[in-house]
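Here is how names work: the chains are called A, B, and so on, in the same order as the sequence lines, proteins then strands, and each is numbered from 1. Just so you know, these numbers use all the heavy atoms, side chains as well, and skip hydrogens, waters and symmetry mates.
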Amino acid sequence: MAGSVIAISLRLIFGGAVITALLTFSFGTAAVVALRGHGFGPLLPTDLSAIRFTLWQALVSAFLSVSVAIPVARALSRQSFFGRRALITLLGAPFILPVLVGVLGLLSVFGRSGWISELLLFFGLGRLSIYGASGVILAHVFFNLPLATRFILQGWSGVPAERFRLTDSLGANSWSRFLLIEWPMLRGVLPGAFVLIFLLCLTSFTVALAVGGGPKGTTIELAIYQAFRFEFNLGKAASLATIQFGLCGIVALLAFLVPLPKVGDIGLDRLAHQFGARKHRRLDIIWISGAAGFLILPLSAILFRGLGGILSLPGQVFSASITSLLIALISTGVCIFLALGLSLSIAYSRLNTQKIVEGISVLGLSTSPLVVGTGLFLMIFPFVNPASLAIPVTAFVNAMMAMPFALRVLIPAVRDIYNEYLHLRLSLNMGRGIWLMRIVFPRLRRPVGFSAGLVAALSMGDFGVIALFASPDLQTLPLILYRLMGSYQMDQAAAVSVVLVAQSLFLFWIFDRGGRGHTES
Amino acid sequence: MIAGDEDILNLKQTCFRQGKFALTANFEVSKGARIAIIGPSGGGKSTLLHGISGFLKPTTGQVLWEGEPMSDHPGERPLSILFQDHNLFPHLCVADNIAVGINPNMRLSEEQILLAKNALDQVGLSEKAADFPRDLSGGQRGRVGLARILLRKRPLILLDEPFSALGPALKDEMLELLSQILDLTEASALMVTHDTNDAIRFGDQAILVAEGLAHEPQEIQSLFSNPPPALKEYIGDRA
């Protein structure tokens, strides 16, 4: 009996420690930023316009992503065609696609010397320019339209088949079908999708850094970075970081009020219904091919431009890819260890896991990497040169930033095992070691593999905090990519992108594959 | 066949396919008949209902109504359906859930509103018109579904195990109410059920569906007293 008391208190200590670490990470860094002795710097009109722009672009991006996703998801939910399953899988890709790579792809298609500009020039029209507000919004829609489409598709597949049949047998026309089925479904899905995308766009840094800037394209995150990096005005960075944290907090509270969409794959690839499938086939094809083109063209542009240049890349890319791999592996290890520990330690508790998962997700989403970076910088800076800790700090920050995603997968998985088998364990009088080694861990292999793959890919491509800490001699793949893009060496940048994406996908695949194992159970 | 009755529904050498599964059916249903559809899971009971209601088109043969081919659109067929679950739209109140039975846009004339109120009265739920499905018990939800059927007044009613999730007493109550509605509307009805007692209580005839074949409707008592091998296997020793 004494042993189990010790085990329980160990669990509590571990779980408490992880939660404290998560809270310190998000609130603590913000508190350090807010409370630092030197006080806040005054805000200039440009900073106020950055705040306005941040809110405006997040609203527009979320609105566009969600409203285009409605017809695209409707078309995907009812049309069957060759490659449908592949396209739906591809909709998940932007989530683990390194942001800089996506931006480079968009520039190759929509930029000043991109494919569309060349086409326009050929017809005697002017070039496109996507630097500034339009570029920020374009990139945000590129990353979030697929996400919104998947959420709405999930909504479609959640409608029971009987309801479609009932509506059909009542002789409903398109309008009453909308009233009876689509609208109530959207009413459940859209608020969460909108808030989620709004939050993602609010805290997005890399996009603004790559295509934003200038008086009409600077977000708060970018302003923090500039205050920090170029002006070394810590007071101003602190003021901006506090404002950013406040904004995220308000939206996060909002996110608590609406149900956030679940991330899942179940049933997405089956046809949800065939309402008007024949009647609207042409329009549906336009929506699907438009969305697919918008997604696939930038990706293939990278491949097209970069594949040839891989072999002629300088040797530093090789060492950078080793560094990136190292960062990814460390943060995966840290993240999975902590996430698994937390999941196991709350498995017995009576806590409402649903609420915990949602809370952690919202916390993670509303944590701004630049606020965290600023806070960590301020904590470290009195003691050591932050640049010398760039790699461990980046690995740690990536681990913490990816933790909500891992927890979203692991907490429900652990809880399910305990719910299903705990009575069996007790009735068989099975010891704790055997229980963990023979029942829990084998059954967790798949979700652990999947979430490790996710964390590794995210960490590999991340370009946030490292931008604050990096010294010029630090080389990681995203850093090299950013520097090449900054000096307009787009072909080399494309080649580095191919290496980066290949390495991210490879890591994801290895972990996910390892989780599946050779036996299906 | 009960002599003297006219046939209203006729499945003429029909074959329905769902993926690899195929169901053959060749039988008539006479006016006012109450037929239980029985048989093992996977035998094709639901496929048969889907074929009659128009969700599945026959690959061969025809489904005739009073001698004429039925419309391809389920909504234009002269029938109402009740499923086991999801018969009500969760975002509509009881009154609207009944109203969709006559107009899916829920815009009713004054006369139709009166009819809808009447139907609700008949199933004893006039107090609940403004309630939402989540506030109703399972039995009350079943009643709302039946009220809609009553309001629609279609000459054919298809029931896909509509009460199998209810307790015995509640189920009896629903079957009784259903029987009243059938008397009132003079409709014919086909009901899928797993419960031989329900089948006997509800039907005067039964269709055995097994191994991809829907047999002709038979007098229910004689079917159970002298079961063919497929039925014997299905019901075991309980007949």
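- Heavy-atom pairs under 4.5 Å with chain A peak, among B:His73, B:Arg148, B:His91, at B:His91.
- Using bins of under 30°, 30° to 60° and over 60° for the plane-to-plane angle, the ring pair A:Phe164/A:Trp156 lands in the parallel bin.
- A cation-pi arrangement, defined by a distance under 6.0 Å to the six-membered ring centre and an angle within 45 degrees of its axis, is present between B:Arg134 and B:Phe132.
- No part of A:Arg177 comes within reach of chain B, as not one of its non-hydrogen atoms sits under 4.5 angstrom from that chain.
- Looking at B:Leu88, the atoms closer than 4.5 Å to chain A (heavy atoms on both sides) all sit in the backbone: N, CA, C or O.
- B:Ser80 and B:Arg154 share no side-chain donor-acceptor pair at under 3.5 Å.
- B:Asn10 meets the side-chain contact (heavy atoms from CB on, under 4.5 Å) test with B:Lys12, B:Glu28, B:Leu64; sequence neighbours excluded.
- Heavy-atom pairs under 4.5 Å with chain A were tallied for B:His50, B:Met106, B:Arg77, B:Glu76; the largest tally goes to B:His50.
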